[in-house]
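The model shown is predicted, which means the values in this text are computed figures rather than measured ones.
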Amino acid sequence: MSGGGCSIVWFRRDLRVEDNPALAAGVRAGAVIAVFIWAPEEEGHYQPGRVSRWWLKQSLAHLDSSLRSLGTALVTKRSTDSISSLLEVVKSTGATQLFFNHLYDPISLVRDHRAKEVLTAQGVAVRSYNADLLYEPWEVHDEEGRPFRTFAAFWERCLSMPYDPEAPLLPPKRIISGDVSRCPSDNLIFEDESEKGSNALLARAWSPGWSNADKALTTFINGALIEYSKNRRKADSATTSFLSPHLHFGEVSVRKVFHLVRIKQVLWANEGNRAGEESVNLFLKSIGLREYSRYMSFNHPYSHERPLLGHLKYFPWVVDEGYFKAWRQGRTGYPLVDAGMRELWATGWLHDRIRVVVSSFFVKVLQLPWRWGMKYFWDTLLDADLESDALGWQYISGTLPDGREFDRIDNPQFEGYKFDPNGEYVRRWLPELARLPTDWIHHPWNAPEAVLQAAGVELGSNYPLPIVGIDAAKVRLEEALSQMWQLEAASRAAVENGTEEGLGDSESGPIAFPQDMQVEIDQPPIRTNPTTAVVRRYEDQMVPSMTSSLLRIEDEETSTDLRISEESSRAEVPITMNVTQEPLREEFSQPHMPTVRNNNNPPQFNFPLGRRNSEDSTAESSIGGRRERDGGVVPVWSPSTSNFTDPFVSEDNNGLGSSSSYLQRHPESHQLLNWRRLSQTG
DNA sequence: CTCCTCTTTGA
DNA sequence: CAAAGAGGA
């Protein structure tokens, strides 16, 4: 058969056949070639960690078998450049159309935009869709068309949009396969020998794949959802939805989650079930936070590496790899923090509550650079998700307008009694403290010598003393903050005097990641606690054995770093991105409206003229500034790449330059991104 | 029981 | 900084 006219469906983080708009479009258009391209190098620092790769592997196998039962198979490609691979697939199959679903992380935004340009130039019709969000980021804005700046306002708007999120699509009944005889799959390798042992254990606790995700969803909605509110405080409650890894890989559609939960909501509201209603609202809020993380990433595509509030760049972080290591190993001397870190290391999982505890401790008490912590989460979490994690860490670090105060330190001792009142969680993950009475379990340093002795605890020997005292941390935090404000004021004064461009140029970029990011093998977190009577489903199943597996990744990372740093001082995004820089900038820096547009659809955004004007000048200057400073390493549209004119970053700046968010500056690219409407008319 | 203030908490 | 909750008058 001839491949002419067939279409490519490019799977990424939408590994499902149900409610997959790109797949549905491909099926509608005729013969389909389903493709997955594994190009981790494109992700720069944020290549998936071991557990994340394990998940991906299972999920792809699952997708492949679903596709086979529908009539086609998944073509897999190993690549360092997704777009070249797409072109190869086009060439070898004669495909004339490409369909994919949107992603919103900074790297994908650049890559996907370029994919559209390149493939379109090759005569391939490209369409992309929303499969990951209730509403696209550009659909949600205030009266004046500006993006929201606080979560509450954003979420309120989402819940009161004039139209509902799209209803979920059913899976295709049958897929006609395109001709892939000249397009062989590459064998993708997601784990090496040394990782297999650890990974085998994951399989006993988790079942990746879209139909399993669907089961997990049903189980949760008919089970733990009603108790969600009641249980959310418990550190070790097994009543979270456990959907996050499924959602990360798009195995289940948020829209489906939303619709099903809504049905329960109506039901419980009618029954007058207050607890149920509260639970639903809370759960929906966590869905909302996921939406918001994409929203923020889209509007501020640098949020994974730069604080959204500019003053924080002057904060004198404690650059202490010893602290960092102690935190990773769960040896800070604060039982709740240490228990969390050991659970994370052992299982790749952490209750949301504990994520807040350990990250807040990291930022406020240890005062380590938040990006280090975020990177460690990225490497170890099963549900590692760049947008969500960036949002979480920015929130903790007080760099969101509605985030918590920077100067308020949460005391792990008190949090311990709040989230783990009986110390069960601590005892499970810190066997060395297992015999300590509950009265002292969250502050062993205060325990009488006799108590410690009876419990077999020797502080400083088999369990550490606190590496930083809370009082000392408070003092240091106050000093650091006042220093920060001074520097910030000085910089602002410099700007006003015109003594310098005021671009914050002194800043040489974020503090580099330490070379060694892994937990040492000689300090294996000890497994489960033998004296704990409670046996939970996840306890022994999720604990991987210790291997040296991660050393390999570390090597890779190091070499990547070295390679990139020859080219650039900031190795955030792979150097291949530089290629895109010139053409993109050319196009983007033009203020005129795009020439390519569907005339039936008005532009998504019409900016009030006054704002556009004031914005243009800012945009120009920032483009100038960007050129010399960054070498185009950051996604090129990043508004604050050069001068922090973002609303988050400098409030005074008559606010408007402000509006130089990606979407306001470059409405044309959104036009390109928002193909759904186009596809519906044609 | 209501009102007021103090405390806690929040994405 | 504001809303909600706790505790006291």
| said: According to salt bridge (charged side-chain N to carboxylate O under 4.0 Å, His left out), who are the partners of D439(A), at least two apart in sequence or on a separate chain? | reply: none
| said: Taking salt bridge (charged side-chain N to carboxylate O under 4.0 Å, His left out) as the cut-off, I'd like each qualifying pair that reaches into residues 256-270 of chain A, sequence neighbours left out, listed once. | reply: E18(A)-K256(A), D214(A)-K256(A)
| said: Distance check needed: dG10(B) P versus E278(A) CD, whole Å only. | reply: 12 Å
| message | Run the salt bridge (charged side-chain N to carboxylate O under 4.0 Å, His left out) test against R355(A) and tell me which residues pass, sequence neighbours left out. | response | D383(A)
| said: Applying the 5.5 Å / 30° rule, does Y395(A) stack onto the base of dA11(B)? | reply: yes
| request: Rounded to the nearest angstrom, tell me the gap between atom NZ in K364(A) and atom C1' in dT9(B). | output: 12 Å
| field | Value in whole Å for how far the P atom of dG10(B) lies from CZ of F406(A) | value | 19 Å
| query | Looking at residues at least two apart in the chain, or sitting in another chain, which of them share a side chain to side chain contact (heavy atoms under 4.5 Å, CB included) with P421(A)? | reply | K234(A)
| query | Between K418(A) (NZ) and dT9(B) (P), how many Å, whole number? | reply | 4 Å
| said: Just the rounded figure in Å: distance from P of dT8(B) to CD of E415(A). | reply: 13 Å
| said: Check for me whether R157(A) meets the cation-pi criterion with F148(A), that is, NZ or CZ under 6.0 Å from the six-membered ring centre and within 45 degrees of the ring axis. | reply: no
| task | For R408(A) and dA2(C), give me the distance from atom CZ to atom C1', rounded to whole Å. | result | 12 Å
| query | Which part of the nucleic acid, if any, lies within reach of G392(A) when heavy atoms closer than 4.0 Å are counted: base, sugar-phosphate only, or nothing? | reply | base
| task | Look at the side chain of D352(A) and decide which nucleotide, out of dA11(B), dG10(B), dT9(B), has an atom nearest to it. | result | dA11(B)
| request: Check the distance between dG10(B)'s C1' and D410(A)'s CG and give it to me in whole angstrom. | output: 11 Å
| Reading DNA chain C 5' to 3', what string of ( ), [ ], | and . shows its pairs, if Watson-Crick and G-U wobble pairs count only when both distances fall under 3.5 Å? | |||||||||
| said: Side chains of Y228(A) and E278(A) only: does a donor on one sit below 3.5 Å from an acceptor on the other? | reply: no
| said: Just the rounded figure in Å: distance from C1' of dA11(B) to CZ of R353(A). | reply: 11 Å
| remark: Taken in chain and number order and not counting sequence neighbours, the residues that satisfy salt bridge (charged side-chain N to carboxylate O under 4.0 Å, His left out) with D132(A) are R290(A), R294(A)
